[in-house]
Structures are given as C-alpha cells and as structure tokens.
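One structure below.
This is a predicted model, so every value here is computed, not measured. Values below: every heavy atom of this structure, side chains too, minus hydrogens, waters and symmetry copies.
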Amino acid sequence: MIRKGRVDQKIAIVTGAAQGIGFATAKLLADEGAFVFLTDLHIAKGLEAQEKIGEHRSYFFEQDVSKEEGWIQLFDLVLHQKKRVDILVNNAGITGMAEGFGPQDPENASLNSWKKVHAVNAEGTFLGCKYAIIHMKNHGGSIVNISSRSGNVGLGSMAAYASSKAMVRNHTKSVALWCCSNRYPIRCNSVHPAAIDTPLWDPIVSGPTKKLKIEKMIQEIPMGHMGEPEDVAYAVLYLGSEESKFVTGAELLVDGGILAGSAAAPGAIHRKENI
C-alpha cells in the first residue's frame with residue numbers, strides 16, 4: 001500500500017490544472033497532504049477542479065503562463081496566503097492544433113503560430129522556473145517541468161510542439177545546474193509523458209475513424225495500452241517529494257516503453273502518434 005502524506009504540509013503550484021494531467025497531479029498532491037494552487041486560463045473548469053479537490057486543500061487562480069505579470073501576481077498571492085512555495089509543476093501547454101493555429105509542420109506552419117506555441121510551452125516554463133528560483137532559493141523546493149516524449153525526438157506534424165518540449169527538457173537541466181552552482185537547495189527535473197489518455201488527443205484522433213486511429217496508436221505502445229493522467233501524476237509526486245532529494249536535472253519517461261524501441265521511428269512520429 002502506498003503511504004499517504006508524501007508531500008504533507010507542502011505548498012504547491014500546478015499550472016494547466018483544470019483538466020488532464022494537470023488536474024490529476026493537483027489532486028494527487030492534495031491527497032498526499034499538500035495545499036495546491038491551481039492555475040489555468042479556463043475559469044469554469046478551474047473552479048470545478050478546485051471544488052473537486054476541496055477549497056480547504058486548493059485555490060484556483062486564472063493565469064496565462066506566457067505573461068510575466070501573471071507569474072508575479074501568482075507568487076505574490078501564494079506568498080501572501082501561505083508564506084512560501086515548495087513545489088512548482090510547470091504543466092500548462094498547447095499543441096497548436098486544438099487552438100486552431102493551422103498547419104504545424106515545418107513547411108507550412110506560420111511564424112505566428114510557432115511563436116504562440118513557444119510562448120506557452122517554452123516561455124511559460126522559463127518564467128515559472130525564474131520566479132520559483134527567486135522565491136525558493138532561501139528555503140528550498142522542487143520544480144517539475146512537464147515535457148513530452150516529443151521533447152526527446154522530432155515530430156514532423158507538430159514541429160513547434162516538439163521544439164518547445166525539447167526546450168523544456170534542456171532548460172530543466174540548465175536550471176538544475178544553476179541552482180547547484182549557487183548552492184540553492186532547489187531541484188529541477190522533467191517528466192516526459194506519451195500516449196496518455198487526455199483531452200490533448202481530441203483534435204488528433206477526432207472524426208469517423210477515431211476508433212481505428214486509437215487502435216493503430218496503441219499498436220505502437222509496447223505495454224499495449226494508453227496511460228492515464230494519474231500515471232504522470234505519480235511521477236510528479238515522486239519528484240516533488242523528499243524521496244527524490246538526490247535527483248536533479250533528470251528526465252523521467254512515462255511512455256509505456258515507446259522510446260525504448262522502434263515505436264520512436266520516423267514513421268510513427270509522422271502519423272502524429274504518441275505525443
């Protein structure tokens with residue numbers, strides 16, 4: 001039996017927490033004893049998420065992670081209410097497809113759509129790390145950045161997404177080394193999900209052949225099935241807890257074995273599978 005209280009009394013921030021991996025992570029951290037600040041652009045879903053977790057264990061804050069002023073306001077709020085931040089989970093991200101930004105391949109993607117995806121995924125993570133360092137460096141903490149399997153390999157049909165997630169992977173290591181070199185008691189690690197059953201897939205597998213697309217995708221997963229948001233949440237819990245006190249600059253794959261074998265080949269990537 002997994003013991004409870006693995007992040008007892010810790011103060012956490014989870015971005016993009018209204019649904020999917022973000023919500024599962026926020027709920028698990030709260031279940032394990034943390035008070036969690038949920039942030040998202042979707043107000044109704046964010047408030048619903050707060051209600052599900054419990055107002056005594058969570059607080060919702062509307063945030064666009066690409067805006068620096070929002071990060072300043074968020075940390076001011078958290079410090080005013082709870083005096084410190086122990087865990088930051090940079091989870092908020094977009095693909096550019098669900099948002100209707102047009103083609104996302106390297107040939108046809110627009111510069112504007114490229115910038116929009118990077119503003120959220122890459123710059124949002126940079127800003128989160130920046131302000132977490134500023135406010136954690138005296139008492140310590142853990143930063144967990146949600147990258148992707150696509151942060152390790154290319155993705156022809158969603159080039160901006162893959163590029164931005166690669167930035168998240170690399171910046172995680174830079175943050176980890178910076179904190180070590182300055183003797184800040186802050187750890188920074190990345191989690192790389194793939195084939196997780198979340199709303200992220202809706203624009204990719206939608207249409208009359210949705211079932212067939214999902215079946216083909218599952219064939220590329222060595223474990224033979226898609227993952228659940230909770231699978232990623234438990235990885236974040238480990239990295240946010242003191243159980244990982246000697247782990248920094250690391251990347252943790254939660255992909256059902258995809259990158260261990262041939263499913264990472266260009267053919268699978270081109271079919272937009274297993275992001």
Check whether any side-chain heavy atom of [X] lies under 4.5 Å from a side-chain heavy atom of [Y], and answer yes or no.
X	Y	answer
M226	M217	yes
C179	K137	no
T95	E99	yes
K67	Q73	no
F61	V78	no
D197	E228	no
T15	I146	no
Q104	M97	yes

side-chain contact (heavy atoms from CB on, under 4.5 Å) between E68 and Y131, worked out: CA-CA 9 Å; E68 186 167 14; Y131 285 98; 2.5 Å; yes

Trace of the side-chain contact (heavy atoms from CB on, under 4.5 Å) decision for C129 with F126: CA-CA 5 Å; C129 291; F126 159 74; 6.0 Å; no

Find the distance between [atom1] ([X]) and [atom2] ([Y]) and round it off to the nearest 0.5 Å.
X	Y	atom1	atom2	answer
M136	D86	CE	CG	7.0 Å
N91	N121	CG	CG	10.0 Å
F23	E230	CZ	CD	9.0 Å
T25	L237	OG1	CG	9.0 Å
R57	K27	CZ	NZ	6.5 Å
N90	T125	CG	OG1	4.5 Å

Under 3.5 Å, which donor-acceptor pairs do the side chains of residues 36-47 form with other protein atoms, sequence neighbours left out?
| residue | atom | partner | partner atom | Å |
| --- | --- | --- | --- | --- |
| T39 | OG1 | Q63 | OE1 | 2.7 |
| D40 | OD1 | H42 | N | 3.0 |
| D40 | OD2 | A17 | N | 3.3 |
| D40 | OD2 | A18 | N | 3.1 |
| K45 | NZ | Q19 | OE1 | 3.3 |

Does [Y] offer a backbone N or O that forms a donor-acceptor pair with the side chain of [X] under 3.5 Å?
X	Y	result
N189	V247	yes
H118	W114	yes
R187	L239	yes
S164	A160	yes
H225	I221	no
S142	I87	no
D105	E107	yes
S147	K165	yes

For L74, the option from V85, L79, I13, L88 that meets side-chain contact (heavy atoms from CB on, under 4.5 Å): I13

Could you tell me which non-hydrogen atom of [X] sits nearest to which non-hydrogen atom of [Y], and how far apart they are?
X	Y	answer
I218	G224	CG2-O, 3.2 Å
R6	E32	N-OE1, 3.0 Å
L127	S66	CD1-O, 3.9 Å
P103	S113	O-OG, 4.3 Å
A195	I258	CB-CD1, 4.0 Å
R84	K10	NH2-CA, 4.1 Å

According to a hydrophobic-cluster definition based on side-chain heavy atoms being under 4.5 Å apart (Ile, Leu, Val, Met, Phe, Trp, Tyr only), do [X] and [Y] belong together?
X	Y	result
Y234	Y238	yes
I134	L177	no
L77	I72	yes

Electrostatic pair E220:K216 at N-O distance under 4.0 angstrom: no

Inter- and intrachain pairs under salt bridge (Lys or Arg N to Asp or Glu O under 4.0 Å), touching residues 169-180, at least two apart: R169-E251, K173-E251

From CA spacing to verdict: side-chain contact (heavy atoms from CB on, under 4.5 Å), D76, H80: CA-CA 6 Å; D76 284 347; H80 175 72; over 6 Å; no

T172 side chain to N145 side chain, donor-acceptor N/O pair below 3.5 angstrom: yes

